[in-house]
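I have placed the structure first, in the form of structure tokens, so that the comments after it can refer back to it.
Letters A, B, ... are given to chains in the order of the sequence lines, protein chains preceding strands, and every chain is numbered from 1. Side chains are part of it too, since the values below use all heavy atoms of this structure and drop only hydrogens, waters and symmetry mates.
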Amino acid sequence: MHKYRTHTCGELRSENDGAEVRLSGWIFRKRDHGSLLFVDLRDHYGLTQVVVQPDSPFFDECQRLRLESVITVTGRVEARSDETVNHKMPTGAIEVVAETLTIESASEPTPLYLAGDEDGPEDQRLRYRYLDLRRERLHNNIMLRSRVISSIRRRMTAHGFEEFQTPILTCSSPEGARDYLVPSRIHPGQFYALPQAPQLFKQLLMVAGFDRYFQIAPCFRDEDARADRSPGEFYQLDVEMSFVTQDELFEVIEDVLAGIFDEFSEKKIAVAPFPRIPYAEAMVKYGSDKPDLRIPIEMVDVSDIFATSGFNAFKSVVASGGVVRAIPVKNVASQPRSFFDKLVGFATEQGGKGLAYLVWDGEKVKGPILKFLAEEELTALVERCNVTDQDAVFFVSDKPGLASSISGAIRVKLGQDLGLIADDVFHFCWVVDFPMFEFDAETQSIIFSHNPFSMPQGGLEALETKDPLEVLAYQYDIVCNGVELSSGAIRNHTPDVMYKAFEIAGYDPSVVEEQFPSLLNAFKYGAPPHGGIAPGIDRIVMLLANESNIREVIAFPMNQRAQDLMMGSPSEVSIQQLRELHLKLNLPKKQSGAESDGSNI
RNA sequence: GGGGGUGUAGCUCAAUUUGGUUAGAGUCCCAGACUGUCGAUCUGGUUGUUGCGGGUUCGAGUCCCGUCGCUCCCGCCA
């Protein structure tokens, strides 16, 4: 008989009745009847009830054992009598009557209670992550993650992709987020950087002729956390393809993602091809470049109708380059006054100057701005917004950018408050045709709006002849239920277009040569047209696991302040280590309090 | 860097309007009882710098100021 187990704790059924078996696992729960003891033994695979009889020599010992102790039990499988079958457990038809018991590892009382549904405090959960991971929900999330990644590998390989590794110690790049730096011992004063993404390497692999690349790639960015953004590091399904058009790439990614979501979720998935929404249209219709298409509300521009109206507040905004966006909502005429007032308050919180609205209630139209509108303007609004009885239309008027973000926030809020967001569906879409450049109000200059490596639509000619702010890029995002899963692009693979694009963004050719020497040089020796994308693995698993915080799908996450409470990182290092690295600390003056938790480093 | 929420026993939470005796309950833990439970049950018991520091007051968990932790958001995230 195997030293530890003949079966797992999720395995035994009534067919095993009478078998002599051995199980090992953790004591999940105990029910102590004084002269009869039930132990629910748990391992990775499940739970099995073990019965300890009063005449067992180890009865007292087992009684004293605390929950979460690890034991090995040898005994006989017995089918339970009809009244004692537990239908809630897969192994509920049997139990194991213990004949011998070995204590592998006794447990102290645990700082987290593992047999309940309630989460403990976040810092305790992180500090004792190995205990939290024993709980079913988290345990399942991590297994889901493993299976998703394994399925991704199968699917990518089936599509003809090869998996690569790229360096973790690389060099700092001038664009993007803050880098994590690693000092060099051999080269005093010089640093490696951890890659924010393997962007340059994957493009160089295309130049090297490998054709179809993928990697489950760790990415490191020193940026602050959000609920859906783990600080420090995260994983991408990094993809790059040669000789590919945008549509071909979409087809591959749609197949992989739809396949994954179909395999690992019961929710409905909008079938491929996913809708393709131009960026400019998304900003008007949904007020966002990551629209949640589950919300059945679409905004419309009504600037022209108000431009000539008697409502001076809006009229003047339009006259000075602003817009008016209408948010039509079905069946809200019977909502109380407070519903409308609260929404006006919300609009102000979002930075709006206010929120106008009209309500169609039977024969009557109501609303604070009604008196400013002529009959034909009202008719035009009804037509433009597809208004029917009992509908309301909200109006936001501001500069285009603000109007989009405010109306977008209102759209999401309405979706939530009115319960319009179906939670049994994954609604994917592509947002395409992002602008190549944008105007930076702060520096009063033109900057890259996404990344400088995208191919401008129309190529060199577009860059040379069009208004830079009108040039679109082969730059796209894939979005699911309002979550941005990834950006991607067809890349610019020619030096002359690269020089020109950087010139428009105010960079001298020498700057391009200095900052991206590897890519630029590589492109001088024959580079294939190529493009790619890099969906976030953590976010995909988060959606599939129905979790609202990304920590719930990461085995060992950091807290919001980028600390690993379990390992105690980041931490101080010895003077000797610093000396070898030619570093001298220059710590901030203000050392707070006696509390020494390393947080002021 | 800024804004919001929160902090009471190991854990989950309570403590009445504007502040009033020795800060309670469940769970965990400890002891005892119990042969069919499955979140076992029953009896008894231990557990507190009310995050920390200061202030107002005859009196502070409660009010004020500061500070710290956790968290959500903004900034940031090619």
In [range], which ones come under 4.0 Å of RNA chain B, going by heavy atoms?
range                       : result
residues 46-63 of chain A   : A:Gln49, A:Pro54
residues 86-95 of chain A   : A:Asn86, A:Lys88, A:Glu95
residues 501-514 of chain A : none

- Item | Which residue lies more 5' along RNA chain B, comparing A:Asp32 with A:Glu78 via nearest heavy atoms |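 Residue closer to the 5' terminus by nearest nucleotide: A:Glu78.
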- Message: On RNA chain B, does the nearest nucleotide to A:Asn559 precede the nearest nucleotide to A:Thr84 from the 5' side, or the other way round? Give the residue.
- Response: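 Nearer the 5' end of the strand: A:Thr84.
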How about [X] and [Y]: does a side-chain donor come under 3.5 Å of a side-chain acceptor?
X        : Y        : result
A:Asn559 : A:Glu122 : no
A:Gln203 : A:Tyr213 : no
A:Gln475 : A:Ser454 : yes
A:Thr72  : A:Ser24  : yes

- Query: Does the side chain of A:Arg64 get closer than 4.0 angstrom to OP1 or OP2 of B:C30 through an N or O atom?
  - Reply: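 For B:C30, neither OP1 nor OP2 has a side-chain N or O of A:Arg64 closer than 4.0 Å.
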Using a cutoff of under 3.5 Å, can you pull out all pairs of nitrogen or oxygen atoms linking the protein to nucleotides 42-48 of chain B, with atom names and distances?
none

- Can A:Glu136 and A:Arg42 be counted as an ion pair, charged N to O under 4.0 angstrom? no
- Message: So if I define the base as every atom that isn't primed, P, OP1 or OP2, how would nucleotides 72-78 of chain B read as a B/S/- string at a heavy-atom cutoff under 4.0 Å?
- Response: BSBBBBB
- For nucleotides 3-13 of chain B, just jot down a letter per nucleotide in 5' to 3' order: B, S or -, based on protein non-hydrogen atoms under 4.0 Å. -------SSS-
- Item | Nearest non-hydrogen partners of A:Gln215 and A:Thr166, listed with the distance |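 Here A:Gln215 and A:Thr166 meet closest at NE2-OG1, 3.0 Å.
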- For A:Leu65 and B:C29, give me the distance from atom CG to atom P, rounded to whole Å. 12 Å
- Item | Length of the CD-P vector between A:Gln563 and B:G69, whole Å |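 Those two atoms, CD and P, are 8 Å apart.
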- Reckon A:Arg80 touches a base, only the sugar-phosphate, or nothing at all at heavy-atom distances under 4.0 Å? base
